[in-house]
Amino acid sequence: MAAAVMERVGTALQAGDFSAVVGLLDEAELCSLSVFVLEDGWPAALHLLGHIYNGSLADARMLHKRLPEVVKADPQVRAAWRLLQCAWQGSSEGVWRALRGHPWSGPVEVLAEALAERLRGRHLDLVAAAYSHITPTRLAALCGCGEEDAVALALGRGWRRAEDGSGALEVVPPPSTRGELDNLAALEQLSEYMMQLE
């Protein structure tokens with residue numbers, strides 16, 4: 001059973017469909033006839049990272065509780081558990097330490113790299129929404145990379161170096177994609193909506 005599942009998971013990883021990994025593993029666990037499905041060569045670290053990748057931290061915690069002690073002793077599972085604990089506590093610096101602090105291998109390495117990229121993108125989006133200026137040191141800490149890489153990421157998003165010579169980066173927020181209306185169009189739309197309510 002694990003071999004067939006890993007073949008499907010491998011295909012999803014090669015296709016870059018990282019969010020599908022956890023669904024495949026959940027389905028295989030639930031459909032298994034074996035009571036010991038989580039013991040028989042189950043890719044527990046990959047399963048945990050899949051939940052973390054999808055942002056379903058509660059499901060990852062429940063999965064860890066279901067794992068037998070012998071599986072929890074695996075170094076990759078322990079590393080994924082540390083990563084989950086940091087993510088659960090909201091410690092982005094802890095998450096980066098956990099991601100970089102373990103030599104991931106096999107399919108887990110592919111998913112760990114994808115998770116790092118997703119988290120880095122999410123942090124850059126949050127910085128764009130919350131900051132007008134940020135130092136490269138702070139950006140590097142948030143993105144889990146070196147200062148040079150953080151500056152390259154920022155410049156790649158169209159941010160600029162501050163003109164005041166402070167070394168800070170001027171954050172340029174992305175253009176709004178919500179289809180904002182001008183004031184008159186918004187008022188007309190609201191009026192039509194209110195008329196339908198009456």
Side-chain angles (χ1 to χ4, degrees), residues 1-34 36-68 71-72 74-88 90 92 94-129 142-146 149-150 152-158 174-175 177-178:
M1 172 105 182
V5 171
M6 285 310 296
E7 184 177 329
R8 292 174 58 202
V9 167
T11 303
L13 289 172
Q14 287 177 347
D17 190 8
F18 304 111
S19 57
V21 169
V22 76
L24 293 169
L25 292 172
D26 281 345
E27 178 185 351
E29 178 189 358
L30 292 172
C31 293
S32 175
L33 300 176
S34 172
F36 304 106
V37 66
L38 295 176
E39 292 179 14
D40 302 331
W42 189 256
L46 188 66
H47 201 170
L48 284 168
L49 282 183
H51 279 298
I52 297 168
Y53 182 87
N54 285 352
S56 52
L57 302 182
D59 292 338
R61 288 182 72 198
M62 292 300 115
L63 170 63
H64 188 265
K65 285 183 179 185
R66 291 192 310 270
L67 292 175
V71 175
K72 289 179 183 179
D74 179 73
Q76 291 208 109
V77 174
R78 284 197 321 261
W81 174 241
R82 277 193 301 278
L83 175 62
L84 172 61
Q85 289 172 317
C86 293
W88 186 266
S92 61
V95 167
W96 291 118
R97 274 194 307 274
L99 269 172
R100 290 188 308 238
H102 182 76
W104 304 101
S105 61
V108 180
E109 180 181 11
V110 175
L111 191 55
E113 289 172 7
L115 175 62
E117 287 304 312
R118 175 175 260 196
L119 290 174
R120 192 167 288 122
R122 190 175 299 152
H123 280 94
L124 286 168
D125 291 343
L126 290 172
V127 167
L142 290 172
C143 292
C145 59
D149 293 334
L153 287 168
L155 296 177
R157 285 187 165 230
T177 57
R178 283 193 275 165

So do the side chains of [X] and [Y] get within less than 4.5 Å of each other, counting heavy atoms only?
X   : Y    : answer
L13 : F18  : yes
E29 : R66  : yes
W96 : L119 : yes

* What class does the angle between the rings of H47 and H51 fall in, given that below 30° is parallel, 30 to 60° is tilted and above 60° is perpendicular? -> parallel
If I compare all heavy atoms of [X] with all of [Y], which pair ends up nearest, and what's the gap?
X    : Y    : result
V22  : G50  : CB-C, 3.8 Å
L63  : A44  : CD2-O, 4.5 Å
V71  : L38  : CG2-O, 3.3 Å
P107 : L46  : O-CD1, 3.7 Å
C86  : V95  : CB-N, 3.6 Å
A79  : W104 : CB-CH2, 3.6 Å

* **Result of checking L48, V21, L115 against Y53 for side-chain contact (heavy atoms from CB on, under 4.5 Å)** =>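 Passing option: L115.
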Rounded to the nearest 0.5 Å, how far apart are [atom1] of [X] and [atom2] of [Y]?
X    : Y   : atom1 : atom2 : answer
D26  : D59 : CG    : CG    : 7.0 Å
L111 : S19 : CG    : OG    : 10.0 Å
R97  : R82 : CZ    : CZ    : 11.5 Å

* Intermediate values then yes/no, side-chain contact (heavy atoms from CB on, under 4.5 Å), W88 and R61 -> CA-CA 9 Å; W88 186 266; R61 288 182 72 198; 2.8 Å; yes
Could you tell me whether a side-chain N or O of [X] sits under 3.5 Å from a main-chain N or O of [Y], the two making a donor and an acceptor?
X   : Y    : answer
S56 : I52  : no
W42 : L67  : no
Q76 : S105 : yes

* Asked: Among pairs that include at least one residue of residues 108-125, which meet side-chain hydrogen bond (donor to acceptor under 3.5 Å, both in side chains), considering only residues two or more places apart or in two chains?
  ->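 Listed by first then second residue: E117-R120, D125-R157.
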